[in-house]
> 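Sharing a structure with you now.
A quick note: this is a predicted structure, and the numbers were derived from the prediction, not measured. In what follows, chains are A, B, ... by sequence order, proteins preceding strands, each numbered from 1.
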Amino acid sequence: MHDYLKGLNDRQREAVLTTEGPLMIVAGAGSGKTKVLTTRIAHLMAQGVDAFNILALTFTNKAAAEMKERIGHILGNRESRNLYIGTFHSVFARIMRAEAHRIGYPNAFTIYDTDDAKSVVKAVTNELNLDVQHYKPNAVYNRISSAKNSLVGPKEYMTDYYLQQEDMRANRPMIGHIYDAYSKRCFKNGAMDFDDLLFKMYELLKHFPEVLHKYQHKFKYILIDEYQDTNPAQYEIIKLLGAVHENVCVVGDDAQSIYSFRGATIQNILQFQKDYDEVKVIKLEQNYRSTQNILSIANEIIKNNKGQIPKTLFTENATGEKIKLVRTMTDNDEGKFVADAIQEQKLRYHHNNKDVAILYRTNAQSRSFEESLRRMNIPYTIYGGISFYQRKEIKDYIAYLRIIVNPKDEEALKRIINYPVRGIGKTSVDRAILAANENNISMWQVLENAQMFGFKAGTLTAIEEFVLMIRSFHSMLPTKNAYDIAFHVGKQTAFVKELFNDKSTEGVQRYENVQELLNSIKEFTETPMSEESGEVGDKSLAGYLQQITLLTDADQKDPDADTVKLMTIHAAKGLEFPVVFVGGLEEGLFPNAMSINTREELEEERRLFYVSVTRAKGTLYLSYANTRYKFGNLQQNDPSRFIDEIPMEFIDKSFAGGGVKNHSGQGMMGSAFERMQRGFGSAKTEPKEKTFVSTLLSGNNKPKEVAHVPSPNFVPSDITKLEQGMRVEHQKFGFGEVLKLEGSSHNPVATIKFDENGEKKIMLNYAKLMIVT
DNA sequence: AGTATCCCCATTTTT
DNA sequence: TGGGGATACT
């Protein structure tokens, strides 16, 4: 027997050894799913299957990287880097880079992130003369996104009775038209959004038999992780790819399906068994992660859902401690309590920061936890903030790189055409866009032929200079790698210099971010990559751009750093921690008020609760607050109904607040409850502190403007006569002295020190000043 | 062209 | 409450 099979239980081993034919592994939480997947791939390779013939699809880059690493470890060689392991999106993007021309896209197509996509939605909504207040880009985009995830194109959308009815009822009958215009615009821009990477992949396989044939035969073995979270588009693609060999192995857990709002459907599990003959189903029911108590609670919770795949998770682990249920007066108290408890876990049980996770339903809840952790000097990392690549300065820089690779990328072009200021203002940009739409050419083509479109002479010169600059960058593409080009762009354009000259704290930070970006590009070009299909590691700028859009902020954080991890429950899926806090177990928050209207929604919330509980290995705290600030006003919340689904016997009653099961909110001032109140701060002390902080931050430290009544004889002077050192009167700011004169002749700016209002920069074209002396 | 200000609006989000 | 976007003002 191979060494790698030794650490497996019977079921796991069976899953690994079943290499041929369709296989569905129902893997309960903590049942060693990743171990089975990685061992199975390693086994395939040990049996002589070529790594080039194996495709493994995951949902996160992290999961993909981990799998790759573990397989390499099992095999002890470098073969694993020839595997096609990655997220659905990154693998399809890679294939698209070779095939996109077939569906009319440039092979160096741009990938639009959600911000880009929404911006395009907004632009086309405006162009259709629809009100963006009514057709909210966010909502419209989400609707388009679900359509694509169900493989519904614009034409089908507009003729689909049910969808049209829905839109009519919402009084948004034009969404189909926006969708159509959006798709056309993306195509014109040579850009695909995240959903297109699936949608277009499907179209490619569907309409180009030779392409389908090629990949069907390439991928003899296909493995899908987190199968319960796949959407119809992903399902159909897998079905097409796997149709020849039918060696499709899917791994999932219906109890952990928490992404239906993104189009995922558990139907795929049922459909899988219908679409393939003789699907072998293996259930992994032994949990290796959690204590018996935690597992029992999880089982009790999920019991309340109807229609689960029957399975009973069990463990040979110790019984473990009971869980701790804590009620606090306010959300801030909850934060304090958690920070205190973490301190206790560290001191008394010698846990490290990284052993602890704080999980919550919504990102907004992180604030109270952050504040208390900071106050106690407990280092933490928040997951789910904006990604490095979403920062303005980074997006600006990347927009330059994007326009070099794909000049049709209008979103990128709009971003940088006048940044830094080069005299191509809003009016000119609008004119260019209009001309592009009217002539059905790209905005870039308009700029290239600017003399034909009636720009003013000055603008024309500016545009010509800009076009020349981008062209000169573009000419570097065939010979230079990503770093060389990026570095050159940074040197040649003034905006990096501008950032460098900004010595404010944020300015310095922005400059450092740009440096970091360049470093990461350098790292990209210097790290050897997989040599898939004989391709040499792609160090081109296009290759770089393709991968960064698909990175998330979780990919940029070091999971091993010794910090407490704060994240939403969604983000915590697949992770485990010795100590887990789940906060905000309140009606309206968890289950969330937006998701209690149907049984399906409520059951998904419950699965979310199931996921949070099963993240814990040994210690689990659940907390909820009586009152919590929401959008600035205080809200009363009842304890979550999910708390009632936990049998009393698993709850630590000796613990503060633990015995509280009377959730009426009244008549429960038992001793434990009082002790808790005293220990973790009560509503009495909190508002005081809050007031203090808010006065410190708001208004008072801002210099107040002192009103000035202009002199009766106030007459604006000729600003060209202004000189340094003159005393002047300003209509609003009063009297002051001119410290400095700068700016160009057509836009002069004066720095004036006002007696009452401090230093201000005044644009002389607009402000009215009277020279006093 | 840049900024200040006002007003509006808020689940979850692997990519 | 607070962040973003449109608008108004300089």
> Can a salt bridge be assigned to the pair A:R402 and A:E411 using a cut-off of 4.0 Å between side-chain N and carboxylate O?
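No, A:R402 and A:E411 are not salt-bridged.
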
> What does A:N149 touch in the nucleic acid at a heavy-atom separation under 4.0 angstrom: a base, only the sugar-phosphate, or nothing?
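It contacts nothing in the nucleic acid.
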
> Inspect the contact between A:K148 and A:D193 and indicate whether a charged nitrogen and a carboxylate oxygen are less than 4.0 angstrom apart.
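Yes, A:D193 and A:K148 are salt-bridged.
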
> I need the CZ-P distance between A:R262 and B:dT14, as an integer number of Å.
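One finds 8 Å between P of B:dT14 and CZ of A:R262, rounded.
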
> Counting C-beta onward and ignoring hydrogens, is there a side-chain heavy-atom pair between A:Q228 and A:E226 closer than 4.5 Å?
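In contact.
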
> Just wondering, are more than 12 heavy atoms of other shown residues or ligands nearer than 6.0 Å to NZ in A:K395?
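More than 12 within 6.0 Å, yes.
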
> Within the structure, does a side-chain N or O atom of A:R367 lie under 4.0 Å from either OP1 or OP2 of C:dG2?
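For A:R367, the contact criterion (side-chain N or O under 4.0 Å from OP1 or OP2 of C:dG2) is met.
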
> What pairs with A:D131 under side-chain contact (heavy atoms from CB on, under 4.5 Å), at least two apart in sequence or on another chain?
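For A:D131, the residues satisfying side-chain contact (heavy atoms from CB on, under 4.5 Å) (neighbours in sequence not counted) are A:Q133, A:H134.
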
> Give the rounded distance in Å between these two atoms: CD of A:E370 and P of C:dT1.
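After rounding, the reported distance stands at 18 Å.
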
> Looking for any heavy atom pair under 4.0 Å, which part of the strands does A:G425 touch: base, sugar-phosphate only, or nothing?
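Touches sugar-phosphate only.
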
> Where along nucleotides 6-12 of chain B does protein come under 4.0 Å, by heavy atom, of base (B) or sugar-phosphate alone (S), with - for untouched nucleotides?
----BBB

> Name all pairs fulfilling the salt bridge (Lys or Arg N to Asp or Glu O under 4.0 Å) condition that reach into residues 383-393 of chain A, sequence neighbours left out, sorted by first residue then second.
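Checked against salt bridge (Lys or Arg N to Asp or Glu O under 4.0 Å) - neighbours excluded - the pairs reaching residues 383-393 of chain A are A:K392-A:D396.
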
> Please list, chain by chain and in numerical order, all residues satisfying salt bridge (charged side-chain N to carboxylate O under 4.0 Å, His left out) with A:R510, sequence neighbours excluded.
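Partners of A:R510 by the salt bridge (charged side-chain N to carboxylate O under 4.0 Å, His left out) criterion, ordered by chain and then number, come out as A:D502.
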
> Please write out each protein N/O paired with an N/O of nucleotides 3-5 of chain C under 3.5 Å, distance rounded to 0.1 Å.
from  : atom 1 : to     : atom 2 : distance (Å)
C:dG5 : O3'    : A:K122 : NZ     : 3.4

> Starting at atom CZ of A:F92, determine the distance to atom P of B:dT14, rounded to an integer number of angstrom.
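Going from A:F92 (CZ) to B:dT14 (P), I get 18 Å.
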
> I need the CG-C1' distance between A:L550 and B:dT13, as an integer number of Å.
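Distance, rounded to whole Å: 15 Å.
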
> Figure out the CG/C1' separation between A:L198 and B:dT14, and round it to whole Å.
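Between C1' of B:dT14 and CG of A:L198: 12 Å.
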
> Nearest-Å distance, CD (A:Q228) to P (B:dT14)?
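After rounding, the reported distance stands at 16 Å.
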
> Applying side-chain contact (heavy atoms from CB on, under 4.5 Å), can you list everything that pairs with A:T627, at least two apart in sequence or on another chain?
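With sequence neighbours excluded, A:T627 shows a side-chain contact (heavy atoms from CB on, under 4.5 Å) to A:T330, A:L634, A:Q636, given in chain and number order.
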
> Determine the contact category for A:N61: base if any of its heavy atoms lies under 4.0 Å from a base atom, sugar-phosphate if only primed atoms, P, OP1 or OP2 are that close, otherwise nothing.
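Sugar-phosphate only.
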
> Both A:K426 and A:G384 contact DNA chain B. Which one's nearest nucleotide lies toward the 5' end?
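Here A:K426 is the residue nearer the 5' end.
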
> May I ask you to decide whether A:E586 forms a salt bridge with A:R628, counting only side-chain N to carboxylate O separations under 4.0 Å?
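Yes, charged N to carboxylate O under 4.0 Å.
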
> Quick one: A:D115 CG to B:dT13 C1', roughly how many Å, whole number?
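Value for this atom pair: 13 Å.
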
> Taking atom P of B:dT13 as reference, at what distance in whole Å does atom NZ of A:K148 sit?
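My rounded result for the distance is 21 Å.
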
